[in-house]
There are 2 protein chains.
Amino acid sequence: MPTRPPARDRLLTAADAVLFERGVRTTPVDELLRQADVSPATMYAHFGSKEALVAEALRRRLSRWQQVWDAHVLAADDDVSRLLALFDALAAYREERTARWCAFLATAAEHLEEGEVADVVTADTALLSERLLHLARPVAGARAQELADEVLLAYTGTLASFLRGTPDSAITVGRRLAESAARAHLVDPASTTGS
Amino acid sequence: MPTRPPARDRLLTAADAVLFERGVRTTPVDELLRQADVSPATMYAHFGSKEALVAEALRRRLSRWQQVWDAHVLAADDDVSRLLALFDALAAYREERTARWCAFLATAAEHLEEGEVADVVTADTALLSERLLHLARPVAGARAQELADEVLLAYTGTLASFLRGTPDSAITVGRRLAESAARAHLVDPASTTGS
DNA sequence: GTCTATAAATCGATAGAC
DNA sequence: GTCTATCGATTTATAGAC
């Protein structure tokens, strides 16, 4: 018979499930403790603060998200598809993890202060910027930065669209927008200068 | 000599200045009272709750934003420019009012519950959807809905990009993305069917 | 209409025992 | 490592006087 996971894991599981659906600031520590069936003292023994628990949950999210994105980039078979794999990965990721919109942007919106949590949010943006620039290079050459900026904005727009009550169609629209941008760079002769 | 504005106006001014820069939930009523130099009792006599004050501040924002957008649409002199005036209006609006990203999306992100506040957020999205569909009609004809969706997503992406620390370049990138989408529809013969 | 003072509730974190 | 009980701070909202 299956052993019950340790308190630390139960806390992280509960945090991941509730925090980014109900909101980080909106969810009291109490709620996490109830869902994980853990006492306050145990939680503070493991993490030291709510902030630290949130940061650890976010780091796990970022790590998993990176994996999913990687897999979809590898599965794609041409340069444009690899660039747009971001949107396919998003669709897949949203099926395995629940979140109202984007855990990182949501946390950025709620936490102005600097600290451990803000660092993970920054790391997410850095990951997106670097990888998109890399993936845009074969498509747009010397103008890769421009294209990467456009794809990141379309991706960010897709995520924020969920706040407007838009259903999954936002992924389709965002992908289409990014595809238009990619094609615009493909037919542009100046863009292949650096390839 | 200038008469001091009544307490109600001072409260709304302070709310507009602080609430959407520091965050609605993050800003205590106390802070607004101090900035407006108004006592708690007076505030609750006028508005009844923090929620109601926030809602009124948001309604004023929406009203002013609509004015600015209108002016930029009227100033534009062709169909594509009128559609993209949204981004020029945003640039202008951001110079006269301070906000971390978008007052409406930020409020949507912080408030899950239904109520007065959520209604204003919904009204903002409805305003954008309806007007963009109208403005996209002359450009994309029967495919106006597709184009309107794309422009709204690019706009939403521009706003949310501010959370990533992107400076004003987000407006430029978003506008470029929307322009690509518009041009893609212009050269598409199927899109003018309904014009 | 506006004030001072305080109630009432919520929430993050700790003390001390097992 | 984990628990029960509680502290201390913060925050929304109200009571009662002027």
Side-chain angles (χ1 to χ4, degrees), chain A residues 2-58 106-107 109-118 120, chain B residues 2-58 106-107 109-118 120:
Chain A
T3 320
R4 197 188 192 203
R8 185 189 157 87
D9 291 340
R10 297 204 307 277
L11 277 168
L12 283 170
T13 302
D16 195 81
V18 184
L19 232 40
F20 310 115
E21 180 65 30
R22 306 246 301 244
V24 173
R25 228 165 183 121
T26 316
T27 307
V29 178
D30 242 47
E31 175 73 26
L32 301 178
L33 297 174
R34 233 178 303 125
Q35 291 236 4
D37 194 30
V38 163
S39 74
T42 302
M43 189 242 128
Y44 283 99
H46 276 291
F47 294 98
S49 70
K50 181 186 176 182
E51 168 108 2
L53 170 58
V54 172
E56 181 60 24
L58 274 175
T107 308
E110 290 187 272
H111 287 73
L112 321 166
E113 323 92 30
E114 300 173 357
E116 212 181 349
V117 166
V120 191
Chain B
T3 319
R4 198 190 192 199
R8 184 189 157 87
D9 290 341
R10 296 205 307 276
L11 278 168
L12 284 170
T13 302
D16 194 80
V18 184
L19 232 39
F20 310 115
E21 180 64 31
R22 307 244 304 242
V24 173
R25 226 161 185 124
T26 316
T27 307
V29 178
D30 240 48
E31 176 71 27
L32 301 177
L33 297 175
R34 232 179 303 124
Q35 291 235 3
D37 194 31
V38 163
S39 74
T42 302
M43 188 244 129
Y44 283 99
H46 276 291
F47 294 98
S49 70
K50 181 186 177 182
E51 168 110 2
L53 171 57
V54 173
E56 181 59 24
L58 275 175
T107 308
E110 290 188 90
H111 286 73
L112 320 168
E113 323 94 30
E114 300 173 359
E116 212 180 349
V117 166
V120 191

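All values derive from a computational prediction rather than experimental measurement. Just so we're on the same page: letters track the sequence lines, and every chain starts at 1.
Residue B:Ser49 places no side-chain N or O under 4.0 Å from the OP1 or OP2 atom of D:dA13. One finds no side-chain N or O of A:Tyr44 lying less than 4.0 angstrom from the OP1 or OP2 phosphate oxygen of C:dT14.
Taking atom CG of B:Leu32 as the reference point, atom P of D:dT10 lies 17 Å away to the nearest angstrom. When rounded to the nearest whole Å, the span between CE of A:Met43 and C1' of C:dC11 equals 13 Å. Note: CD (B:Glu31) to P (D:dT12) measures 11 Å, nearest angstrom. Counting to the nearest Å, the C1' atom of C:dT10 and the CZ atom of A:Arg34 are 13 Å from each other. For the pair A:Phe47 CZ and D:dG1 P, the interatomic distance rounds to 13 Å; values are reported in whole Å. For the pair B:Leu11 CG and D:dT12 P, the interatomic distance rounds to 14 Å; values are reported in whole Å. Straight-line distance from the CG atom of A:Leu33 to the C1' atom of C:dC11: 11 Å, rounded to whole Å. One interatomic measurement links the two molecules: CG of A:Asp9 to C1' of D:dT2, which rounds to 16 Å at whole-angstrom precision.
With the nearest nucleotide of DNA chain D identified for both A:Ala7 and B:Pro28, A:Ala7 has the one nearer the 5' end. Each of A:Arg25 and B:Val38 was assigned the nucleotide of DNA chain C with the nearest heavy atom; the assignment lying further toward the 5' end belongs to B:Val38.
Contact between B:Glu110 and A:Thr26 at its shortest, heavy atoms only, is O-OG1, 4.0 Å. Minimum heavy-atom separation, A:Gln35 to A:Ala14: CB-CB, 3.9 Å.
Separating the CE atom in A:Met43 from the CG atom in A:Asp30 is a distance of 11.5 Å, to the nearest 0.5 Å.
Minimum atom distance to the side chain of A:Lys50 is reached by C:dG12, of the listed C:dA5, C:dG12, C:dT2.
For the side-chain contact (heavy atoms from CB on, under 4.5 Å) test with B:Phe47, the passing option among B:Thr42, B:Leu53, B:Val29 is B:Leu53; the others fail. When each of A:Leu19, A:Val24, A:Val120 is checked for a side-chain contact (heavy atoms from CB on, under 4.5 Å) with A:Leu58, only A:Val120 meets the rule.
If you check every strand for non-hydrogen atoms under 4.0 Å, A:Pro40 touches a base.
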